[in-house]
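Both counts, for ligands and for their atoms, begin at 1 and track the order of listing.
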Amino acid sequence: MPGANTIVIMGASGDLTKRKLLPALFQLACKHRLPENFRIVGFARSEYSDDAFRELMWDGVRELGELAVRRDDWSAFAKSLSYVQGDLAIPEDCAKLGEALAAIESGTASANRLFYLSIAPQLYGPAIEQIGAAGLAKQNGGWRRVVVEKPFGRDLKSAQALNHTLQRHFDETQVFRIDHYLGKETVQNLLVFRFANTIFEPVWNRNYVDNVQITVAEQVDVGDRAGYYDGSGVVRDMVQNHLIQLLTMVAMEPPSASSEESLRTQKVEVLKAIRRWSPEEAVRHAVRGQYRGYLEGNGVAPGSTTATYAAIRLFVDNWRWHGVPFYLRTGKAMAEKISEVIVQFKAPPLVTFSLGPGAELASNVLALRLQPDEGIHLRFEAKVPDEEFRLQPVDMEFHYDSAFTDQAIPEAYERLLQDALEGKARLFIRNDHNEEAWRIVDPLLEGWEASDDSPLHLYERNSWGPAAADAFLAEDGRQWLKGGTH
Ligand code: BG6
């Protein structure tokens with residue numbers, strides 16, 4: 001019998017498992033990308049039989065439309081699913097999980113185990129302790145790995161404490177801290193765009209770039225997630241991880257070809273170069289907002305000042321980027337769902353055409369659209385035909401759906417789960433990266449908590465955030481840009 005490969009999902013009855021993890025694992029199975037002899041074991045407090053758990057998971061998978069037609073494939077796949085009821089805070093229940101795993105793996109040459117913590121963040125520490133105490137982390141024959149969802153900590157101190165807990169039972173090579181943005185095709189394409197082409201690199205620096213804008217706008221509001229969100233807010237939920245990841249991919253130096261770790265190391269170098277603010281300075285370089293109606297949401301504390309929108313100015317103090325502002329903005333209940341990176345280039349030094357009264361040259365803009373309508377636009381000036389010198393910005397564009405008509409863009413979790421199973425860590429967060437990211441946002445969080453002169457601006461739903469965020473860029477003589485769509 002070949003070795004067993006068991007994926008243990010802690011918190012298997014939750015939303016993430018049903019909406020993201022199982023669909024991704026099912027897709028991987030359909031693409032024959034899961035290891036031989038794999039099993040998926042769900043562990044959670046709710047009572048389910050194996051069959052009831054399979055049905056629950058099918059409900060999630062089926063909602064994704066395109067997978068709904070694969071009922072026959074699902075029936076075969078579902079045989080690999082089983083469920084163990086238990087509370088991870090209770091040692092006997094973890095022992096029961098251990099027995100179930102031993103039974104599943106019995107008779108196999110060796111057993112690899114991937115533990116996926118799909119549980120509330122405050123349970124990460126206790127779960128890791130219990131996995132360790134029950135002896136489930138011991139590598140006897142096969143490997144043991146643990147995937148930890150974001151948020152990893154709620155500030156630097158708690159992140160370090162959580163890491164110490166992890167280190168008691170796992171070493172860093174066994175820990176896979178996930179940020180699903182890194183699994184997105186378009187985010188990985190940032191690396192290809194920069195490092196598999198030569199034409200952009202010469203202008204990718206402070207000599208040519210005026211500013212960089214990173215926007216992750218969401219139309220959804222907090223919905224039924226207030227229990228988690230109200231205690232976290234937009235900076236912990238989105239900025240410390242997703243937006244800062246994007247920033248590192250845009251700003252990093254080329255990784256070396258010979259070292260697996262180089263990509264992660266280069267990203268950490270960017271974080272170390274980000275200018276550190278005191279809490280008082282940090283609040284002056286940011287705007288916070290809350291959408292109207294947030295306070296009426298289920299589970300929101302009365303009078304909560306949790307921010308659902310943030311706009312932040314950062315500087316990367318190295319030779320490449322010195323003086324170039326990086327503007328980050330993200331929010332819930334906004335006008336559109338758009339994630340994009342905009343690189344605005346400097347205006348030409350001299351206008352040599354007579355443009356006519358009031359006309360100005362627009363500077364070149366490169367828009368890397370991460371989602372939806374994934375693609376890249378490069379905006380430049382063109383002469384309007386048959387007019388003496390009237391100029392108009394035009395777009396050169398690439399879109400995934402027209403360039404790759406046969407390939408659908410996979411869900412981020414597919415790539416990440418496959419990589420974790422194969423032990424490839426480059427798209428996961430190293431501990432030093434996570435800590436540096438907290439060092440960047442902690443002063444802002446602290447400043448917002450303490451400060452009376454950093455107002456929480458209310459903004460309308462379906463808007464582009466508070467007017468104060470526009471004024472914030474106007475202070476620098478700039479405005480928020482939106483890249484191209486089809
Ligand atoms: C999650 C956040 O990490 O990312 C959510 O917790 C957010 O609040 C989500 O909605 C956004 O992910 P995506 O892939 O839809 O951009």
Is any NZ, NE, NH1 or NH2 atom of the basic residue among K332 and D221 found under 4.0 Å from an Asp or Glu carboxylate oxygen of the other?
no
Establish, for the pair R144 and F170, whether the NZ or CZ atom is under 6.0 angstrom from the six-membered ring centre and no further than 45 degrees off its axis.
no
Donor-acceptor check, side chain of D87 to backbone of A89, threshold 3.5 angstrom: yes or no?
yes
Run the ring-ring contact (aromatic ring centres under 6.0 Å, His included) test on Y400 and F398 for me, step by step, so that the C-alpha distance in whole Å, both residues' side-chain angles and the decisive distance to 0.1 Å come before the verdict.
CA-CA 7 Å; Y400 279 74; F398 145 72; 5.0 Å; yes
Looking at W74, is R54 sitting on its ring face, NZ or CZ under 6.0 Å from the six-membered ring centre and within 45 degrees of the normal?
no
Lys/Arg N to Asp/Glu carboxylate O, R275 vs E281, below 4.0 Å
no
At a 4.0 angstrom heavy-atom cut-off, ligand 1 is contacted by K150, H180, Y181, K184, E218, R225, D237, M238, H242, K332, K337, Q371
